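Before any comments, here is the structure.
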Amino acid sequence: MPERFQSLRGFHDQLPGRTEHWRRFETLAHALFSLYGFREIRPPHLEPTELFVRSVGELTDIVGKEMFTLKAGDESISLRPEITASVCRAYIQHGLDRRGANRLYYIGPAFRRERPQKGRLRQFHQAGVEVLGESDPEADVEVIVLGARLVERLGIEGFELRVNSLGDAACRPRYREALVAALRDRADRLCEDCRSRIERNPLRVLDCKRDSCQQLLEEVPTGLEFLCQDCERHFERVREGLEQLEVKATVDARLVRGLDYYVRTAFEIATAGLGAQNAVLGGGRYDGLIRDLGGGDVSGLGWACGIERLLLAAALTEHDNPPKLDAFVVTLGPRARERALGLVEGLRARNVATMWDTAGHGLGGQMKRAGRSGAAYAVLIGDDELARGTVTLKDLTTGEQREAPLGLDALAAELTRARGADARASDPRERPLERAGRRATGNRQTPATPPTSGKPRGSARRENDDGQ
RNA sequence: GUGGGCGUAGCUCAGCGGUAGAGUCCCUGACUGUGGAUCAGGUUGUCGUGGGUUCAAAUCCCAUCGCCCACCCCA
């Protein structure tokens, strides 16, 4: 027996039944980002390794040990571990500042070589936005609000938005010094990890998860106390803006972002119920990054969300979502079967979503497949119909039957008219993402029929699902 | 990278030294004039993989791969 292959660790397939959820997320994201004046950018997945070393920071774990790096000839290239760096590179390379494209968004995969957990994969997917060249706090407010709106519209309840200011080149070094001094004084009471962080990345001590360290941090100065006047004022206006729009945010002086490039505004949205992987969206301001990457003195601002995590937090229903067919052609006898090939293709040419049983089952088998396909109508043709120039239309929801003309245009019109009646109700784009009445990790009882759908689809098969 | 839990049918799981099981799904038939229902029958399988112990291993041991959880870090 030949070797059977498995997907790589941390690289998952998205199967039918899940892909519909992804597409609903993507549809929502595209629509929402457009609403805020953002335009899509799709950078490549591979970049020069050096791009990430310079942007994310050489000493970060992401660059230090989590990148998929390969040699290509004598250059080193890496799968992107995050997407902001690529967007900035493209912005500089193509002079997007002169094209008026300074609000950009992306949706796509990124790669990190970490030990996988639920909501943390080696290939994961992010959607994110970047605003380039705007340094006023109003831009921060818009970006943060957009993040909150996305999470809201996904129907995620009980999320928490936390904001902080990390200072800038003027004030952060002063704080860093003070912090290091304070931590050194207390090093003997910090955990082992934190002791090593004092020199390597002292800010990260602030969000150590150990209670003992957190208690100790009460005695340590916060960054907010050290903000220079400009940073102070900026942060104040960000908070005021959020307040004006009634977006609830808590100031968390311990919120630190892991990437080196953040300055001033940093924020994060966390949800309950995802365990340790509860951060679903995070970002901040990165003035200076564009310059570090060889561009002009252009400020930057943005966030990224983890699509897997958001979908987990949204606890989507696993309701049936088979392709919505208008018609399933059922044939009786060889003459009808011969005729069906053209009939089916003719209907499709008229935009009627049509299937038939290419496998050649008997009448019962074909009807069974028609029912399972989710088609609105079965279109039956046999010798009787052919002789009369008609088809028998069976409404697969109600079971009612009637005669209809065999002519393609007339039949297509008939089937399309029937579709118009319920298409609006069942079109996923017209429907908000639904919350399930259960936890994502919970039982697998049959989900309740979504209340917005007044039309149960009979025997439509439930998709098997991996439970994520 | 460190520590722990778990891998049996497509799916959810039982079996835990003595012939591989249930539910569900799938397939065939009753059914060349009707799907969802019912009935009859069928495949459900390298028991994750490779070694070892044993007369005998799904079961015990070791290794390995994968999933999950925590740490680390982050979306």
Side-chain angles (χ1 to χ4, degrees), chain A residues 1-4 6-12 15 17 56 60-66 81-84 109-110 112-121 124-128 147 191-193 196-197 201 204 207-210 256-259 268-271 274-283 303-310 312-313 328 330-337 357 359 361-375 378 380-385 392 394-397 399 401 441 443-446 456-468:
Chain A
M1 180 174 289
E3 181 190 357
R4 282 177 55 162
Q6 251 185 338
S7 62
L8 295 168
R9 163 185 253 191
F11 288 74
H12 286 195
L15 304 179
V56 177
T60 58
D61 280 8
I62 292 177
V63 166
K65 56 185 194 194
E66 294 175 1
E82 56 109 42
I83 305 179
T84 296
R112 288 182 201 170
R113 222 193 136 111
E114 302 178 276
R115 188 85 165 251
Q117 278 173 245
K118 192 188 281 291
R120 161 198 273 177
L121 298 175
F124 61 109
H125 297 78
Q126 292 190 322
C191 70
E192 200 176 323
D193 289 331
S196 75
R197 281 193 273 239
N201 192 349
R204 291 223 67 84
D207 64 1
C208 179
K209 286 194 178 106
R210 289 172 195 261
V256 175
R257 311 248 74 234
L259 283 50
E268 183 171 290
I269 293 179
T271 67
L274 287 186
Q277 311 305 323
N278 65 349
V280 294
L281 185 150
W303 53 251
C305 65
I307 298 177
E308 284 86 354
R309 289 184 188 179
L310 282 173
L312 283 170
F328 196 103
V330 173
T331 63
L332 286 114
R335 291 201 304 146
R337 189 164 163 79
D357 179 47
H361 289 93
L363 178 62
Q366 292 184 61
M367 284 305 295
K368 193 179 285 188
R369 282 162 180 76
R372 271 200 304 242
S373 75
L380 289 90
I381 53 175
D383 290 341
D384 296 353
E385 283 85 354
T392 299
K394 178 165 185 171
D395 184 322
L396 288 171
T397 309
Q401 291 194 182
T441 53
N443 62 51
R444 28 185 62 245
Q445 285 171 352
T446 304
R457 266 287 157 80
S459 65
R461 170 184 51 185
R462 289 190 58 210
E463 294 291 345
N464 285 324
D465 197 279
D466 59 7
Q468 286 194 16

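No experiment lies behind these values; they were computed from the predicted model shown. Within every chain, numbering begins at 1; the chains are lettered A, B, ... in the order of the sequence lines, protein sequences first and strands thereafter.
The side chain of A:H361 has B:C27 as its nearest neighbour among B:C69, B:U32, B:C27. Of the listed nucleotides (B:U28, B:A75, B:G33), B:U28 has the atom at the smallest distance from the side chain of A:R369. Of all nucleotides listed (B:U32, B:G35, B:C74), B:C74 comes nearest to the side chain of A:R309. Distances were taken from every side-chain heavy atom of A:L363 (C-beta onward) to each of B:G33, B:U32, B:G35; the shortest belongs to B:G33.
Put simply, CG on A:D384 and OG1 on A:T392 are 8.0 Å apart, with the number rounded to the nearest 0.5 Å. Within the model, atoms CD of A:E114 and CD1 of A:I62 stand 7.5 Å from one another, a figure rounded to the nearest 0.5 Å. The structure places CE of A:M367 at 5.5 Å from CG of A:L380, a figure rounded to the nearest 0.5 Å.
Within the nucleic acid shown, A:A370 has no heavy atom closer than 4.0 Å to any nucleic acid atom. Residue contacts for A:G10: at a heavy-atom cut-off of 4.0 Å it reaches the sugar-phosphate backbone alone, with no base atom in range. Within 4.0 Å (heavy atoms only), A:G399 reaches at least one base atom of the nucleic acid. Nucleic acid contact class of A:R9 (heavy atoms, under 4.0 Å, all strands): sugar-phosphate only. Using a 4.0 Å heavy-atom criterion, one finds that A:Q401 contacts the bases of the nucleic acid, with or without backbone contacts as well. Within the nucleic acid shown, A:L380 comes within 4.0 Å of at least one base atom, counting heavy atoms only. At the heavy-atom level, A:T392 lies under 4.0 Å from base atoms of the strands shown. Residue contacts for A:Q6: at a heavy-atom cut-off of 4.0 Å it reaches the sugar-phosphate backbone alone, with no base atom in range.
Rounded to whole angstrom, the span from the NZ atom of A:K118 across to the P atom of B:C69 amounts to 5 Å. In this structure, CE of A:M367 is placed 14 Å from C1' of B:A37, rounded to the nearest angstrom. For the pair A:I62 CD1 and B:C72 P, the computed distance is 15 Å after rounding to whole Å. When rounded to the nearest whole Å, the span between CD of A:E66 and C1' of B:A75 equals 12 Å. Distance CD (A:Q117) to P (B:C67): 12 Å, rounded to an integer number of Å. Atom CG in A:L15 sits roughly 12 Å away from atom C1' in B:C11 (whole-Å rounding). Taking atom CG on A:N278 and atom C1' on B:A70, their separation rounds to 14 Å, with Å as the unit. The CG atom of A:D395 sits 18 Å away from the P atom of B:U34 (whole-angstrom rounding).
Within 3.5 Å, a donor on the side chain of A:R115 pairs with an acceptor on the base of B:G3, or the reverse. Interface remark: the A:K368 side chain does not form any donor-acceptor pair with the B:G36 base, using a distance-only criterion of under 3.5 Å. Side-chain N/O atoms of A:R120 and base N/O atoms of B:C69 include no donor-acceptor pair closer than 3.5 Å. The base of B:A75 sits within donor-acceptor range of the side chain of A:E114, with an N or O pair under 3.5 Å.
A distance-only check finds a donor-acceptor pair linking the side chain of A:R112 to the backbone of A:P81 [under 3.5 Å]. Judged by distance alone, with hydrogens and angles left aside, the side-chain atoms of A:Q277 form no donor-acceptor pair with the main-chain N or O of A:R309 at under 3.5 Å. Between the A:E308 side chain and the A:R120 main chain, no donor and acceptor come within less than 3.5 Å of each other.
For B:G3, the paired base is B:C69 (Watson-Crick or G-U wobble, both distances below 3.5 Å). The pairing partner recorded for B:A63 is B:U49, the criterion being a Watson-Crick or G-U wobble arrangement whose two distances lie under 3.5 angstrom. Both distances falling under 3.5 Å, in either a Watson-Crick or a G-U wobble arrangement, place B:C39 opposite B:G29. Across the strands present, B:G18 finds its partner in B:C55; the criterion is a Watson-Crick or G-U wobble pair with both atom distances under 3.5 angstrom. Under the Watson-Crick or G-U wobble criterion, with both distances below 3.5 Å, B:U24 is paired with B:G10.
Distance check on atom P: B:U24 versus B:U64 gives 41 Å, rounded to whole Å. Rounded to a whole angstrom, the distance from the C1' atom of B:G48 to that of B:C67 is 11 Å. Comparing the P positions of B:C55 and B:C11 gives a spacing of 37 Å, expressed to the nearest Å. Taking the C1' atoms as reference points, B:C60 lies 8 Å from B:U53, given to the whole Å. Distance noted for atom P between B:A58 and B:C71: 38 Å (whole Å). Rounded to the nearest Å, the gap between the C1' atom of B:C39 and that of B:G51 is 49 Å. B:U44 and B:G52: their P atoms are spaced 28 Å apart (whole Å). Of the C1' atoms belonging to B:A56 and B:C16, the separation is 15 Å, rounded to the nearest Å.
Between A:K65 and A:R113, the closest side-chain pair of non-hydrogen atoms is not below 4.5 Å. Between A:L332 and A:D383 the shortest side-chain heavy-atom distance does not fall below 4.5 Å.
Where A:G306 and A:K394 meet RNA chain B, the nucleotide closest to each residue was compared, and A:K394 sits on the side nearer the 5' end. Between A:G282 and A:S7, the residue whose closest nucleotide on RNA chain B is further toward the 5' end is A:S7.
Between A:R204 and B:C74 there is a side-chain polar atom (N or O) within less than 4.0 angstrom of OP1 or OP2.
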